[in-house]
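See structure below.
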Number of protein chains: 2
Amino acid sequence: MANLRRRDVLPTGEAEMLEALHLRKADFAKGEEIVADGSRPHSSCLLEEGLAARSVVRANGSRQLTALHIGGDFVDLHGLTLREMDHGVVALTACKAVFVRHEEIRTITERAPHLTRLLWLLTTVDAAIQRRMTTLMGRHTPLERLGHLLCEMYVRKEAVGLAQEQQFKLPVSQAVLADLLGLSVVHTNRIVKDLRATGLVSWHQHNVRIHDFPKLARVSGFDAAYLSFRCEPR
Amino acid sequence: MANLRRRDVLPTGEAEMLEALHLRKADFAKGEEIVADGSRPHSSCLLEEGLAARSVVRANGSRQLTALHIGGDFVDLHGLTLREMDHGVVALTACKAVFVRHEEIRTITERAPHLTRLLWLLTTVDAAIQRRMTTLMGRHTPLERLGHLLCEMYVRKEAVGLAQEQQFKLPVSQAVLADLLGLSVVHTNRIVKDLRATGLVSWHQHNVRIHDFPKLARVSGFDAAYLSFRCEPR
DNA sequence: CGAGCTTTTGAAGAACGTCAAGAGTTGTGG
DNA sequence: CCACAACTCTTGACGTTCTTCAAAAGCTCG
């Protein structure tokens, strides 16, 4: 709900509808598949804790992670309309998730138009993030891609209370990072090294600290506008 | 409407609601901006004729086209929820477009839940295409990217009656293609040459003919499932 | 303490971008 | 209908970036 309240006023009636949803809880271990590629789910996954990613695996074994999801993200809400998954969702760390039946979300579309538009918004924000990802892969250097990823993660985590004081956890191996950035593991390692050399971030274990956010944002071409963190009528 | 009917049954009442929308018509010349990056539109653009693209231009002048749109596409429907454009829309050829006021679409969300879900679907399909684009940029060779683009264009054009007999028009220069594929113009030219050399497509002037669609699809890793061209309850 | 994962580094080769120039095509005005 | 300019396509040469292969060092967890 924090993701909604950061973007529009949530009337009590709508908040109550969300509270009243029947949730099926499920835990996942690191590496486990949360939603299978090609499946036809009857419920959508809301991530409560942990880090997950959308994943496409090619026949030759190469993997592309197209998006990163954190606690509070309604991960596969678009499954409601798409019906068939065109990708999988995988747990990058141990995850706690809850599932909401599509039937109940459909009921929201019948009874709560404004709340419907807010849920719709969540999917269009995901799309905006995806669009940004495409430009990153196409026209940004690896260093910019990585810097941009860190900026985005900080802003998104901060919005739901998972980051503060320019610092957050990013518990992923460089192999995972490589699959996100579309690079080889070796090159990813060199880019991480380069980024550290700029002195803009400290990055030990899985703790990232951004020393000069405005400068990192400038260097990476990051501008938070596409995340739609602005409370206004939708 | 063809885009909706290819994906679910459209009851007469809903079709009538769409017919009743007030449309503002506008024509655009090749290269003209249809929607400005960073603007806050109060209406959404439905492309009737021509080819348009979502475009992000960087400070250094490099351009990334993140999506291609053809006649029948509801180009910036997501603007309804996002409010502020995180990219521009540009006419790649002369275009005819109509604009629908957000106010009227919001009325649809108040009165026609199923139609709302279908409009929502259009935006999630766009997102799925965008997701595919990301994997293309990240883990596919330039030849695969180009082949994939041709397969997708054929299937999408065929769905709205703009292609038949494995043949369609793609009236774009190789510079535009380069901005779509995230390559330099020179390299794009070499990839087009390579693709022609495979004998899988003829490509003269702006006419593309795919001689062996299944093989081109196999070579490029194309699978139309992500386009959700399947008529089922949504 | 040892096995397996992760990070790091080096070296060689393939892929891609940039620069440059020539050929072909299209559009426009006279 | 022609001439010219502007754009577009094509090719070569060269340098940079990125991948791949290989191996060593560090870390984590049983």
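Convention: sequence-line order gives letters A, B, ...; per-chain numbering from 1. All of these numbers come straight from a predicted model, not from anything done at the bench.
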What salt bridge (Lys or Arg N to Asp or Glu O under 4.0 Å) pairs are there with at least one residue in residues 169-192 of chain B, not counting sequence neighbours?
A:Arg139-B:Asp179, B:Arg63-B:Asp179
Which is the 5'-most and which the 3'-most nucleotide of DNA chain D that has an atom under 4.0 Å from a heavy atom of chain B?
D:dC9 to D:dA13
Derivation of the side chain to side chain donor-acceptor pair (under 3.5 Å) call for B:Thr134 and A:Thr66:
CA-CA 6 Å; B:Thr134 303; A:Thr66 63; over 6 Å; no
Just checking, is any N or O donor in the side chain of B:Gln167 or B:Arg209 under 3.5 Å from an acceptor N or O on the other one?
yes
Looking at A:Glu152 and A:Arg132, does any basic side-chain N land under 4.0 Å from a carboxylate oxygen?
no
For nucleotides 6-20 of chain C, just jot down a letter per nucleotide in 5' to 3' order: B, S or -, based on protein non-hydrogen atoms under 4.0 Å.
-SBBBB----SSBB-
Could you please spell out the steps behind the side-chain contact (heavy atoms from CB on, under 4.5 Å) verdict for A:Leu177 and A:Leu149?
CA-CA 10 Å; A:Leu177 226 45; A:Leu149 177 73; 3.8 Å; yes
Determine the interplanar angle of the B:Phe222 and B:His148 rings, folded into 0 to 90°, and report it as parallel if under 30°, tilted if 30 to 60°, perpendicular if over 60°.
perpendicular
For the residue pair B:Leu216 and B:Leu195, establish whether any side-chain heavy-atom pair is separated by less than 4.5 Å.
yes
